[in-house]
Structures are given as structure tokens and as C-alpha cells.
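Working notes, beginning with the structure itself.
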Amino acid sequence: MSDSHKNDAELIANNQADSCDQQQTLLPIDDVLKILQDKAIAVKRVETVSILHARSRILAEDLTSSINVPPADNSAMDGYVFNAADVSKSSTNSSSSLEVTQRICAGDAGQTLQIATVARIFTGAPIPEGADTVVMQENCERQGDKVVIHSIPQAGSNVRKAGEDIKQGDVILKAGHKLRAQDLGLAASVGISELTVKRRLKVAIFFTGDELREPGQTLGLGQIYNSNRFTLNGLLESLNCEVIDLGIIQDSLAATKQALIEASEKADLVMTSGGVSVGEEDHIRKALESNGELGLWRVNVKPGKPFVFGEIYNKSGNTPFIGLPGNPVSVFATFCIFARPYIIKKQGSNEKPPKSFMVESGFEITKKETRNEYMRARLDYDDSGKALVTLYSNQGSGVLTSASWGNGFAFVPAQTLVNKGDLIKFIPFSEFSIG
Ligand code: AMP
Ligand code: MG
């Protein structure tokens with residue numbers, strides 16, 4: 001047994017031993033994050049895609065430039081190009097009248113510049129041999145086949161040097177990088193038309209709960225809409241996962257077992273919502289234990305205490321499993337806090353953890369909470385530009401309006417009182433790519 005497995009096993013054993021006791025010790029957030037990071041093995045398979053379709057994909061190998069960008073010295077302006085040393089000799093004070101001996105457009109090759117003459121030149125056109133400086137046309141006056149330069153710029157002005165952006169042999173993007181629009185442009189700028197990227201992570205999801213109906217259906221007594229389906233699909237899409245949505249699964253041990261196995265055969269990861277708590281109609285943990293392994297359960301976090309991580313056994317091996325709680329805000333929060341970094345590592349991405357910052361609290365907490373709390377909050381600025389964090393009035397884990405209203409989480413550690421004006425940790429939703 002490896003050390004990391006031993007650690008996991010100890011945590012799990014403690015956790016399970018405690019589970020008889022309602023006052024049990026919950027797993028610390030950092031321990032859960034560590035276990036999940038240790039368990040996340042990046043997908044190995046790669047594929048080649050056109051750069052046109054590579055946005056949000058994860059680069060599988062370092063990208064090296066085989067050329068200089070720009071490939072040659074070229075003009076940054078529409079104007080006239082000349083040799084600064086020649087012109088300074090033939091000029092009076094700061095102005096000079098010189099013969100225009102050629103015209104070089106973007107895409108032309110140009111010819112060696114005759115001594116003490118200029119060439120008409122346009123933005124992006126190559127600087128000819130024998131020239132080193134461009135004067136913008138606004139500072140010149142054309143007089144037939146001559147040009148009067150009113151203000152002579154410093155030698156080397158308005159020239160973009162070969163390789164000033166990228167040098168041949170430079171690594172322009174690293175393996176593990178999540179490709180954004182500007183990265184695709186960068187790859188194109190060195191002539192790359194296809195990229196080797198990681199295969200998209202397949203995530204199979206289903207939703208437990210006999211009370212669930214889909215939007216569009218009529219609600220009967222005791223029924224609610226399956227909002228988690230849409231939150232979870234959206235969250236997974238924000239990570240560019242391929243989602244296999246198996247819909248609602250009936251609240252029974254047999255159906256849950258069956259669904260877990262089916263899902264595990266289709267995907268790299270299975271995720272569910274609901275059925276992970278201690279009620280008789282919560283079948284996920286039992287189903288997992290009967291055909292897999294319950295890795296961890298119950299975390300010191302609010303909302304989202306009954307978060308589950310484990311493995312499902314199937315014909316082709318083991319598939320990791322994340323059981324999110326049922327409450328809609330718990331799904332949102334535990335996905336952001338725990339599932340997201342796990343998925344990112346599994347995708348082979350080197351994306352850094354979300355950044356937080358300290359900001360003044362516009363609220364107070366007068367009663368200590370036993371769990372670490374990710375409160376749905378808004379960061380706003382007053383007229384003087386001062387930032388202040390406020391909380392949604394109802395922090396219930398079923399109150400999804402709080403997540404929709406908020407633009408981030410205010411993190412309040414367990415057993416902490418907060419006064420107005422205290423500095424508190426704020427994590428913008430944009431840090432989870434859901435801003
Ligand atoms: P559970 O953990 O299954 O007991 O669910 C906890 C709470 O979340 C219950 O009030 C459920 O009705 C609710 N819930 C479970 N699944 C969903 C879902 N897919 N969409 C909205 N609410 C849900
Ligand atoms: Mg349920």
C-alpha cells in the first residue's frame with residue numbers, strides 16, 4: 001500500500017468510524033483536496049484538432065516555434081524608409097528632402113535601397129537592405145518624386161525587428177495549457193494549423209430523487225424540478241467536458257447500483273446529485289460499497305457536507321465517482337470547491353487553483369458556525385471605488401437564488417465571528433470560469 005493510499009485509508013477509516021456519531025469529526029477541506037489531487041490521473045489519450053476547433057482544449061505537448069515572428073524586419077507605419085546615417089549627413093537641421101526610389105507594400109520583397117534616397121513603405125512591408133528607419137507619412141510632404149521629411153525620427157524608429165515577438169526555437173505554449181482564443185492566434189502566428197490536445201474528459205451524470213421532474217413537465221404534489229441537472233451540465237460544459245446525461249434515477253438500491261455500473265462503463269468519471277446523506281432513501285453510498293469503494297464522505301464544509309468520492313468497479317476496471325449532495329447550492333459549491341480541481345487535473349490541465357483576495361466585509365456573523373462556510377456573496381464598489389462584500393439574505397443550501405444573485409463566495413472559517421469592516425476572503429465566481 002502506497003503512502004498516499006495509507007493516508008486515504010486512515011482518513012476513510014476515521015471518517016467511517018465517526019459516522020455513527022452525529023458530532024463526528026468531518027474531513028478537513030485541505031485533506032479532501034489533497035486526496036482528490038492524488039487520485040486524479042490525467043487522461044492519456046490525445047488527438048489532433050484543427051486550431052480553428054481547439055479553443056478550451058488542453059494542449060498535450062509543448063509547442064515550439066520553427067520561425068521568427070515577425071519573420072523579417074518590417075515597417076510599423078505607413079511612411080518612408082531610409083538609412084538614418086545617410087539622412088543625417090544630408091539633412092539641414094531636422095528636415096531633409098530626399099528622392100523616392102521605390103515603393104514597398106506589405107507582401108512585396110523590396111530591393112536594396114539606393115544610398116541617400118528613401119522608399120515609400122506601408123505597414124507590414126519589409127525594410128529593404130540598406131535602410132533602418134521609418135518616418136510616418138504624417139511628418140512628411142510629398143513633392144513629385146521627392147519627399148520632404150519635416151521631423152527626422154531617431155535611427156531604428158518605427159521598425160518591428162525580426163523575431164521581436166517570437167524567436168525560432170522558443171516554446172510558445174506549454175503542455176497542459178488550456179487554449180484560449182489568443183493562444184490559437186499565437187499558434188497560427190508561427191504557422192501551426194493543427195494541435196495535439198488531450199481527449200476531452202467524458203463525465204457521465206445522473207440525478208437521484210423520486211421527487212424530481214424535468215422543466216416542461218407539470219409538478220404533482222411533493223415534486224420539484226431537476227434544477228441540478230442544468231447546474232451540473234453547465235458547470236461541466238464550462239470545463240469543456242463531454243457530458244453523458246443519464247437523467248433521473250429512481251430512489252432504490254437496485255436502480256442506483258445498476259445506474260452506477262452503466263455510467264461507469266461509459267465515462268472517465270461518474271457524477272451524481274442527491275442520495276448521499278443518511279436517510280433511508282439515500283442509496284448512493286450503499287450502492288457504491290456493493291460494487292466499488294467509498295473513498296471519502298462527509299467534509300467540514302457548508303454547504304455540502306455529505307460530499308462523496310470513490311470508485312466504481314466494472315468490467316474494464318475502475319471508474320472514479322463523485323457524489324454531490326442533493327441540495328442545489330451544495331451541488332454548485334462542492335463542484336466548485338472539490339470536483340472542479342479534480343476534473344482539471346484529470347483533464348491534464350495545468351490550470352492554477354482559483355485566486356482569492358481579502359476584502360472588507362459589509363456583513364457581520366454573530367454566531368459561530370461549526371463548519372467552514374462558502375457563503376454566497378456579492379463584491380460591489382461604492383461611488384468612491386471602495387470594495388465591499390455583502391451576503392445574500394438567505395444562505396440555505398436549497399436557496400439557489402443566492403448563487404444566481406452572487407458573484408463569488410465569501411469564505412468564513414469554522415468558529416469565526418465577523419464584524420463589519422473585517423477583512424474576509426472572497427473568491428469571485430469568475431475564478432471558477434462561471435463568472
Ligand atoms: P437528498 O440528498 O437526495 O436527500 O436531497 C437533498 C435535497 O435536495 C432534497 O430537498 C431534494 O429534494 C433536493 N434535490 C435532490 N436532487 C435534486 C435535483 N436534481 N434538483 C433539485 N433539487 C434536488
Ligand atoms: Mg434524495
Side-chain angles (χ1 to χ4, degrees), residues 15 19 22 24 26-27 32 203-238 241 243-260 262-263 269-290 294 296-310 321-339 371 373-374 376 392 394-406 434:
N15 191 34
S19 69
Q22 282 309 300
Q24 65 194 259
L26 302 172
L27 289 172
V32 173
V203 185
I205 58 177
F206 65 84
F207 305 89
T208 70
D210 287 348
E211 72 278 33
L212 302 178
R213 289 292 173 274
E214 294 300 347
Q217 296 179 331
T218 308
L219 287 186
L221 208 61
Q223 296 178 337
I224 59 167
Y225 288 118
N226 182 4
S227 64
N228 290 349
R229 180 180 181 195
F230 299 88
T231 308
L232 190 54
N233 264 284
L235 290 166
L236 288 166
E237 278 164 21
S238 76
C241 293
V243 180
I244 303 162
D245 186 343
L246 304 172
I248 299 166
I249 301 296
Q250 190 202 330
D251 272 333
S252 80
L253 185 58
T256 310
K257 270 169 142 173
Q258 176 67 19
L260 282 180
E262 253 180 63
L269 168 68
V270 176
M271 291 183 81
T272 59
S273 86
V276 286
S277 203
V278 290
E280 281 148 44
E281 293 302 334
D282 294 323
H283 301 288
I284 289 281
R285 284 179 302 123
K286 260 197 212 109
L288 189 63
E289 280 168 328
S290 75
L294 176 68
L296 64 87
W297 177 58
R298 290 174 69 91
V299 184
N300 185 347
V301 72
K302 187 180 176 191
K305 178 172 68 174
F307 175 86
V308 167
F309 177 77
F321 170 76
I322 290 178
L324 303 175
N327 276 309
V329 186
S330 308
V331 166
F332 177 72
T334 53
F335 184 94
C336 292
I337 307 160
F338 301 116
R371 283 180 277 155
E373 197 164 359
Y374 283 82
R376 276 72 63 212
Y392 191 69
N394 186 340
Q395 292 286 321
S397 58
V399 180
L400 200 49
T401 310
S402 67
S404 202
W405 172 89
I434 47 168

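Both ligands and their constituent atoms are indexed starting at 1 by order of listing. We use all heavy atoms of the structure for the numbers below, so side chains are in, but hydrogens, waters and symmetry mates are not.
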Using a 3.5 Å distance criterion without hydrogens, assess whether the side chain of Tyr374 forms a donor-acceptor pair with backbone atoms of Thr334. no
Donor-acceptor under 3.5 Å (Ser273 side chain, Thr208 main chain): no
Could you go step by step and tell me if Leu27 and Arg298 meet the side-chain contact (heavy atoms from CB on, under 4.5 Å) rule? CA-CA 6 Å; Leu27 289 172; Arg298 290 174 69 91; over 6 Å; no
Listing request: all side-chain hydrogen bond (donor to acceptor under 3.5 Å, both in side chains) pairs with a residue in residues 395-405, at least two apart in sequence or in separate chains. Asn327-Ser397, Arg376-Gln395, Arg376-Ser402
Side-chain contact, heavy-atom cut-off 4.5 Å: Asn300 with Arg371? yes
Main chain of Ser277, side chain of Arg285: is a donor-acceptor contact present, judged purely on distance under 3.5 Å? yes
Check each protein residue for a heavy atom under 4.0 Å from ligand 1 and list those that pass, ordered by chain and number. Thr208, Glu211, Leu212, Ile224, Tyr225, Asn226, Ser227, Asn228, Ser273, Gly274, Gly275, Asp282, Gly326, Asn327, Pro328
